[in-house]
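Structure first, commentary second.
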Amino acid sequence: MASSRRQYPFHLIEPKWQQAWEQQQAFRAFNPGESVPAEHPFAQRHGANAMTAGGKAPTKYYILDMFPYPSGAGLHVGHPEGYTATDILARYRRAGGFNVLHPMGWDSFGLPAEQYAVKTGQHPRVTTEANIANFTRQIKSLGFSYDWSRELATTDVEYFKWTQWIFLKLYNSWFNPETNKAEPIETLKYPEELQQSAADLQSAEVSSAINAPGSGDAACRLQVGSTLESARRAFVDSKRLAYVSEAPVNWCPELGTVLANEEVIDGKSEVGGFPVIRKPMRQWMLRITAYAEKLLADLDTIDWSDSLKEMQRNWIGRSEGAEVDFEVVGSSRCDDRTAQRAVPTSKIRVFTTRPDTLFGATYMVLAPEHRLVDEIVTEEQGEAVENYRAHTARKSDLERTELAKEKSGMFTGAYAINPVNGEKIPIWIADYVLASYGTGAIMAVPAHDTRDFAFAQKFNLPVIQVVQPNDAKTEWQVFTDDGTAVNSGFLNGLPTAVAKAKISAWLEEKGLGKKTINYKLRDWLFSRQRYWGEPFPIVWKKGPGGQPPYHEALPESALPLLPPTLEDYKPTAGGEPPLARAKDWLNLPDGSVRETNTMPQWAGSCWYYLRYTDAKNAQSFVGKAADSYWMASNGKAAGVDLYVGGTEHAVLHLLYARFWHKVLFDLGYVSTPEPFYKLVNQGLILGSDGQKMSKSRGNVVNPDDVLVEYGADAFRLYEMFMGPLQDTKPWNTQGVEGVYRFLGRVWRLFVDEKAETAFEQAEATTQEPGNQALLDLILLDGAITDADATPAQLKALHACIKKVTEDLDGMRFNTAISAMMVFVNEAMTWQAKPMSGMKTFLQLLAPFAPHIAEELWARLHSTFGQTAPSLAYAEWPKFDAALLVESEIELPVQVNGKFRETIKIAVDADNATIEAAAKASEKVQMFITGKAIKKVIIVPKRMVNLIVG
RNA sequence: GCCGGUGUGGCGAAAUGGCAGACGCACAGGACUUAAAAUCCUGGGACCUUAAAAAGUCGUGUGAGUUCGAGUCUCACCACCGGCACCA
């Protein structure tokens, strides 16, 4: 397989041009206000003052790759697929006259470096930096046109300082439902009872004022005897976009940390596949649910693939329905605590998407964790219910999922009244009802819900039909679609949609319920029990008079908050996060202690695209001018113009980043509501066996090896030639050989054969392997002259310009490359090669294979005594449609819709001429002689179809 | 189960409703060479017929439909890939 002879000296050309680009900082992007050095190619194209106050700044084009986690394994061939696509487009846009921002950086917090630290005691920063160095080397060897002056890593102190700063903004903001946006916490008004004096304070009233989701714990803290101050604090804390929750979380014992819902797959950790259990813990949460509606609605304003938008929609999970109150009857086990309540909790609120089936509700189910369970359970059922609750509490998510086939539950002994018909229905608890969705309680309509039906079957509960399928043949049992209401009193005969509207209005009128929208989206669990992450800029103060401690944010001036240096990176023996080991860091002089959790890896990636626009700003996370220039709305486009990365981030990174961006937008720190206008997912590259690449399968391809053998240009070209960017496709090393041969043909199209031989001989005998001077032995082919191109040559060239340009606009890299192959195949046959046309071809090739294009471009100019302008900034060629017009075309002729022959005919021939020519064709004659021609269909310039009978 | 996507030669793929398989890989034959490599040229969906060809028939997962004409549009189904999954 190894080629014994290089197709062309890429091993000299590629390092040469990579150095040249670096030396002149060719791909440095200039910010508004910057003056450009006169010798920089950007200045030569756009003027040195283009970016200064009076200058005419070119339109920006922000093209971004998802930055990688710098793992110890180094780059695999999947990374450069996206990077090559974006690089080609970045170079294409630069040639098109745009000011292109194309940066690269590192998502460098993360678990592997920490696990290595736990094992070896090596500081994660050391590992991380070594890995970044390796990634940098690999990425640079591919000749990408990144602006390295903007390089950043999420682990940089100067970067995570601002990550912490954004956290403070979240902490110090609340979502105002009236203005429908986030606002500084200062605009939050206390409810009336908290404006009064402490003496008037009734804890029950305060509880009722606090109804934000996830605020149950805050309410718990409001015991009788709270001071006004702590009550107010609890109220404010319950509204913050970053808040503390004591709810059950996904705890992964193996990883020693909690995980976000999104990081748990089938009850196992996404990383490592370890079991995850539910465990109540104190955690930091971000109130992403406040943005559910905006995150959903704004999907319509951005250009992402349908499948990706759909994934986000499903994850947000909006559903419209109604909340209905059911009165509880029967005995209530009143202990001292509940007896004191001013208003007995005699109502159970449920959420349903099918209020039209209310007449069919034959029982109710509460989640086992529902807070009313204790109050309604009867004496006789007390123990059984308690046992059931204990049993489900022990279950992990995995067990809950695995046991889902078999429903379980327990009768509480209590009954509720169905508000529409006064029927008494039993109240059960069951773990198929989730505490965290809706109200944590449902009305069960077993006739028209598969889960309720299964439950009713198991526990012998009645099933009443209330919807009649419109198709009479359909069985009504477990019919969950729309139909017509039956056995439903005043709803009878109404189609489902109408019945829903009518019952909703009726409920609202009677004060029994109201229309409601629910979301599957949960708040984002934002803390991790790890070392290698951003520490929270939070301290815990001692509560006055023996009250529980409360949290307080550090001032911005205290940022960055650095993590302490540790000897041992393991969690403490008591299960505290590793930061708790650093006693002098942990404990502050005034007796307060620092938060020991750290932020998840997603934090840093939520805003890195903003930092790139102003990477060195020491005053602000991003400057106003930089933000509004690079993230500006260009007509409809807003934010990053093109973002390319893998689908694995469809709901994690891409949802979190949109959320942060919207908060920053609401608070006035950024100028656009969405971060990424167009998003494209590159497909997976499989091993040559068609399997996912993995070490265990031994099918991993290392780019370094490919580069040694074929060079960066061939590697880039192959990655793009394999197929459409979005598709999953297998790697085939012989395919690399194919594009490598193509580059060899390009080389031989330009280079004199004898000079090539002389070069090879000299290289074989030289002592210096990388001797650049040898390249001077290369002379161009004498057939390249400054003579005019022939019409045929111009046609071939302009067809190529047209195809490559259109395909680049549509991101069809594979067909663009094939168009260049067609051109080269034809040009190889030319006796005389016109210099101007050859130059133009190099411009087309340059985005794909920049090194060989630069080398030949430079040689072409110097051979003809010209100074070569920068290829990277040379104006993209335009095609001349007039040159592509044919005087005569081949027209396919069909008889009865079957292709029979092509005829040559003038383009502008009229229909009569075409018909005559078609009939005259010898082959066509065979099929039409002796038959009557019934009809002739002529599509100009397309085809002729003769219908005979 | 629900949602989204994909099915075209030996392989990667290409085709505004109009000549299916461009371009490339692998393969076969030839030229060059003492020979090989590299390079250059030629061939190539299947079937049928033939000494060879020409001609012909079939052919884009399966089955229907729309149309003068369908890989492309519509409906039903099958397979594979990705996502979600007790969300009321």
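Note that these values count all heavy atoms, side chains included, but never hydrogens, waters or copies made by symmetry. First the proteins, then the strands, lettered A, B, ... as listed; each starts at 1.
When rounded to the nearest whole Å, the span between CE of A:Met926 and P of B:A54 equals 14 Å. When the C1' atom of B:G56 is taken as reference, atom CD of A:Glu901 falls 15 Å away, rounded to whole Å. B:C86 atom P lies 11 Å from atom CG of A:Asp431, rounded to whole Å. As a whole-Å value, the separation of A:Glu756 CD from B:U39 P is 12 Å. Whole-Å rounding puts the A:Met821 CE to B:A14 P distance at 14 Å. One can place CZ of A:Phe453 at 17 Å from C1' of B:G1, the figure rounded to the nearest angstrom.
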When you compare the protein's N or O atoms with those of nucleotides 16-22 of chain B, which come within less than 3.5 Å of each other, and at what distance?
{"from": "B:U16", "atom 1": "O4", "to": "A:Arg942", "atom 2": "NE", "distance (Å)": "2.2"}
{"from": "B:U16", "atom 1": "O4", "to": "A:Arg942", "atom 2": "NH2", "distance (Å)": "3.0"}
{"from": "B:G18", "atom 1": "N2", "to": "A:Gln894", "atom 2": "OE1", "distance (Å)": "3.0"}

Show each protein N/O and nucleotides 2-11 of chain B N/O combination with a separation under 3.5 Å, one pair to a line.
none

Between protein and nucleotides 74-82 of chain B, what N or O pairs are separated by less than 3.5 Å?
none

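Contact check, A:Ser319 against B:A88: a side-chain N or O comes under 4.0 Å of OP1 or OP2. For A:Arg748, a side-chain nitrogen or oxygen approaches OP1 or OP2 of B:C40 to under 4.0 Å.
For RNA chain B, runs of at least 3 consecutive pairs of the Watson-Crick or G-U wobble type, with both hydrogen-bonding distances under 3.5 angstrom, map to B:1-7 with B:78-84, B:10-12 with B:23-25, B:27-31 with B:39-43, B:45-47 with B:56-58, B:61-65 with B:73-77.
Here A:Lys795 pairs with A:Glu886 under the salt bridge (charged side-chain N to carboxylate O under 4.0 Å, His left out) rule; sequence neighbours left out. Listed by chain and residue number, A:Thr733 satisfy the side chain to side chain donor-acceptor pair (under 3.5 Å) test with A:Trp731 (two or more places apart in sequence, or in another chain).
Closest approach to the A:Lys407 side chain among B:A55, B:C86, B:C23 is made by B:C86 (side chain taken as heavy atoms from C-beta onward). Side-chain atoms of A:Phe351 lie closest to B:A88 of the nucleotides B:A13, B:A26, B:A88. Side-chain atoms of A:Lys520 lie closest to B:C84 of the nucleotides B:U39, B:A55, B:C84. The side chain of A:Met828 sits closest to B:C40 out of B:A38, B:A55, B:C40. Nearest to the side chain of A:Gln734, among B:A26, B:A55, B:A88, sits B:A26.
If you find the closest nucleotide of RNA chain B to A:Ala441 and to A:Arg745, the one lying nearer the 5' end belongs to A:Arg745. In this structure, A:Asn825 and A:Leu521 both approach RNA chain B, and ranking their closest nucleotides by distance from the 5' end singles out A:Asn825.
For the P atoms, the distance linking B:C58 with B:G4 amounts to 37 Å, nearest Å. Rounded to whole Å, the C1' atom of B:G5 lies 15 Å from the corresponding atom of B:G61. Remark: the separation of the C1' atoms in B:A22 and B:A14 is 5 Å, to the nearest Å. Using atom C1' as the reference point in both B:U39 and B:G21, the two lie 27 Å apart (nearest Å).
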